[in-house]
Protein chains: 2
Amino acid sequence: MTKPRSRRGGGRPTIADVARKAGVGAITVSRALREPERVSEELRRQIQAAVDELGYVPDPNARALASARAEVFGVLVPSLTNNVFAEVVRGIYDSLSASPFRIQLGNTHYSGLEEERLLQVFGSQRPAALIVAGIDQTPASRKLLESAGCPVVQVMETGPDPVDMMVGFSHLDGGRAASEHLIEAGYRRIGFIGARMDPRSQRRLAGYRAAMEAAGLFDPRLVTTTPVLSSVSLGREMFRDALAKVPTLDGVFCNNDDIALGVLFECHRASIAVPKTIGIVGFNDLDMMQVAFPSVTSIRTHRYEIGRRAVAMALAAIAGNRPEQRIVDLGFELKRRESTAR
Amino acid sequence: MTKPRSRRGGGRPTIADVARKAGVGAITVSRALREPERVSEELRRQIQAAVDELGYVPDPNARALASARAEVFGVLVPSLTNNVFAEVVRGIYDSLSASPFRIQLGNTHYSGLEEERLLQVFGSQRPAALIVAGIDQTPASRKLLESAGCPVVQVMETGPDPVDMMVGFSHLDGGRAASEHLIEAGYRRIGFIGARMDPRSQRRLAGYRAAMEAAGLFDPRLVTTTPVLSSVSLGREMFRDALAKVPTLDGVFCNNDDIALGVLFECHRASIAVPKTIGIVGFNDLDMMQVAFPSVTSIRTHRYEIGRRAVAMALAAIAGNRPEQRIVDLGFELKRRESTAR
DNA sequence: GCGGGAAATGGTAGCGCTACCAAATTGGCG
DNA sequence: CGCCAATTTGGTAGCGCTACCATTTCCCGC
């Protein structure tokens with residue numbers, strides 16, 4: 001059973017082995033695998049039989065080298081543990097699992113420099129498409145994206161100036177909607193609590209500010225932010241700070257649900273009535289918000305769908321029919337719940 | 001400025017361009033990049049200058065093809081959104097970010113068949129190492145892992161029969177410790193609530209059962225499980241079911257923290273006193289458990305560290321010094337909190 | 001001064017696949 | 001019946017890199 005094996009490779013079957021066994025040329029095997037309609041049905045069957053018998057799997061490296069194009073989607077997100085990006089990534093994986101495309105996932109840790117480095121690395125692979133989170137790339141990153149020679153989808157946000165395509169929603173509008181809701185519910189001293197103030201959180205804050213100023217309620221002392229990574233425990237601490245700073249606080253808009261949950265728990269602990277004494281609004285609408293007691297008002301965002309749409313647009317562009325709508329706004333939804341039902 | 005570019009490639013600089021510019025042979029450039037100590041300092045400097053000037057980045061596909069070994073870690077996890085695996089994956093990414101290795105991440109969706117398929121795909125890339133979650137691979141998957149020709153690390157669990165190496169802890173012991181803690185705290189009608197009963201949850205259940213039987217407290221009606229994916233809202237529903245089934249329930253061990261949180265919220269909603277009427281223990285110890293009100297007792301697991309250790313062991317094996325300890329048990333820690341402080 | 005070995009460098013021949021073009025075969029139509 | 005075009009198949013020449021071996025250079029010790 002000692003097969004003759006090539007000098008270097010690990011002895012795995014190659015396209016030449018399949019071709020020999022099927023009695024055809026190597027190139028015909030290649031075609032049968034990639035564009036079956038261009039090969040007669042009979043040869044196709046023979047080739048398939050040989051493939052099955054040998055357990056042949058094409059070498060993606062050789063394929064990428066020969067075709068100057070890897071079947072890889074490069075995906076860049078700022079965090080892997082943040083549920084929001086995990087959902088986007090899940091949508092991407094689910095949409096790509098049935099395709100021949102692999103995924104190269106990079107974690108930028110919210111760093112522009114790291115993003116540049118990763119784009120450099122990804123670019124060297126000649127990916128089939130790039131999906132990046134956010135619209136605030138550094139000039140260098142933007143240049144890398146523009147010269148990548150493949151479809152690029154910026155996700156999570158929409159903005160006026162896409163590198164190529166965009167899928168997301170307006171964080172500014174989301175922040176404004178959340179804040180207006182609190183105002184309409186009758187809250188007046190409404191604080192903003194935001195951790196890890198990335199560009200999207202900044203825009204949510206801008207939306208908050210716009211709503212508050214329009215209502216003549218804005219006061220800089222109501223705003224509490226930190227660059228620290230967001231967590232439930234941080235939400236609790238920040239809420240205590242905010243309350244110490246402004247004891248008359250009667251509502252909070254949190255830049256995400258983790259923070260909101262921390263606020264809710266602290267209210268319980270300090271016997272602060274929600275929504276009577278304090279109204280709470282979160283952002284993203286994680287599953288737990290509707291289950292919390294009291295349930296927490298939040299801005300529902302369509303993270304999974306963003307991932308799916310990004311892939312769909314990229315695939316369309318690869319196939320040659322670039323979607324005419326280059327900027328897709330998936331919007332958001334204000335979920336009114338007990339935490340603001342005064 | 002029209003550079004002469006090769007017929008196919010996208011006109012990016014190749015190793016030959018660098019070699020020409022530096023006035024050396026291509027192979028010397030290759031060596032300077034991979035094993036600098038084997039090239040004289042002078043040539044190294046010249047080469048580095050040429051690399052910088054041209055912006056040369058090696059093509060990983062060509063490299064993989066020529067060396068029959070890709071600088072890729074294949075990573076297989078059952079879920080991307082479950083915080084537990086997200087943390088493991090984060091540990092892996094952080095440990096590998098400074099290395100030349102890329103990561104190929106696959107999502108098995110808790111399916112053995114999908115795992116086999118992905119291992120097949122990953123195998124075709126000749127990865128430098130494979131990291132897979134769990135120890136219950138199908139026989140076919142196991143065979144694929146054994147014949148992968150690279151270091152393999154099974155993570156999350158420890159067991160008697162590693163394919164190669166293992167990093168994790170005993171879920172059975174964890175389940176037992178959680179249950180014994182409830183028993184010691186004076187609870188008697190202690191339920192088990194478990195969603196998505198994967199093999200690890202099954203072993204936590206076995207640990208629960210062992211502890212309960214040893215105390216003469218086991219009753220099958222106390223066990224409530226479902227194959228449905230875990231979530232906070234599901235935890236709430238399952239707790240209501242459990243309570244309907246056994247109204248005298250006075251404690252619950254949940255197979256993870258999402259479920260525990262759902263139970264806690266339902267207790268608030270139904271005005272059930274925690275820990276007085278019901279004691280709650282979770283599993284994994286997410287950040288929020290210590291912030292919850294009341295704070296929730298949980299089994300702290302070292303997910304991030306598992307990811308880091310797995311990479312460290314794999315890198316050591318690649319470098320030729322395979323760690324003598326092939327099975328690393330990182331243990332767990334019972335965090336006693338208010339939810340069981342009767 | 002010379003042989004021998006270590007260190008540094010280069011040439012050649014692929015790795016497994018596909019782009020490009022050529023050749024062979026078939027079919028339609030005037 | 002013959003010509004042209006469409007369809008199907010194959011050969012050749014790389015893609016960009018590294019393994020393997022050859023060559024050159026330099027230094028040491030006797």
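Order of the sequence lines fixes the chain letters, A, B, ..., with proteins taken first and strands second; residue numbering starts at 1 for each chain. Computed from a predicted structure; not experimentally measured.
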Could you check how far [atom1] of [X] sits from [atom2] of [N], rounded to whole Å?
{"X": "B:Leu65", "N": "C:dC15", "atom1": "CG", "atom2": "C1'", "result": "4 Å"}
{"X": "A:Gln125", "N": "D:dC15", "atom1": "CD", "atom2": "P", "result": "20 Å"}
{"X": "B:Arg63", "N": "C:dG14", "atom1": "CZ", "atom2": "C1'", "result": "18 Å"}
{"X": "A:Glu35", "N": "C:dC20", "atom1": "CD", "atom2": "P", "result": "12 Å"}
{"X": "B:Leu43", "N": "D:dC26", "atom1": "CG", "atom2": "P", "result": "13 Å"}
{"X": "B:Arg38", "N": "D:dC20", "atom1": "CZ", "atom2": "C1'", "result": "12 Å"}
{"X": "B:Arg20", "N": "D:dG16", "atom1": "CZ", "atom2": "P", "result": "11 Å"}

When you get a sec, tell me which of [options] is the closest nucleotide to the side chain of [X]?
{"X": "A:Ser40", "options": "D:dC17, C:dT9, D:dT9", "result": "D:dT9"}
{"X": "A:Ile27", "options": "C:dA19, D:dC17, C:dT9", "result": "C:dA19"}
{"X": "A:Thr28", "options": "D:dG16, D:dT9, D:dC17", "result": "D:dT9"}
{"X": "A:Ser67", "options": "C:dA19, C:dT9, C:dG11", "result": "C:dA19"}

Salt bridge (Lys or Arg N to Asp or Glu O under 4.0 Å): pairs with one or both residues in residues 99-116 of chain A, sequence neighbours excluded
A:Glu114-A:Arg117

Under 4.0 Å, counting only non-hydrogen atoms across every strand here, what does B:Arg31 touch: a base, just sugar-phosphate, or nothing?
base

I want to confirm an ordering. Mapping B:Ala26 and B:Ala62 to their closest nucleotides on DNA chain C, which one lands closer to the 5' end?
B:Ala26

So, using ring pair (Phe, Tyr, Trp, His ring centres under 6.0 Å) as the criterion, who are the partners of B:Tyr56 when residues are at least two apart?
none

Counting C-beta onward and ignoring hydrogens, is there a side-chain heavy-atom pair between B:Val57 and A:Val121 closer than 4.5 Å?
no

Between A:Ser40 and A:Arg44: side-chain donor-acceptor atoms closer than 3.5 Å
no

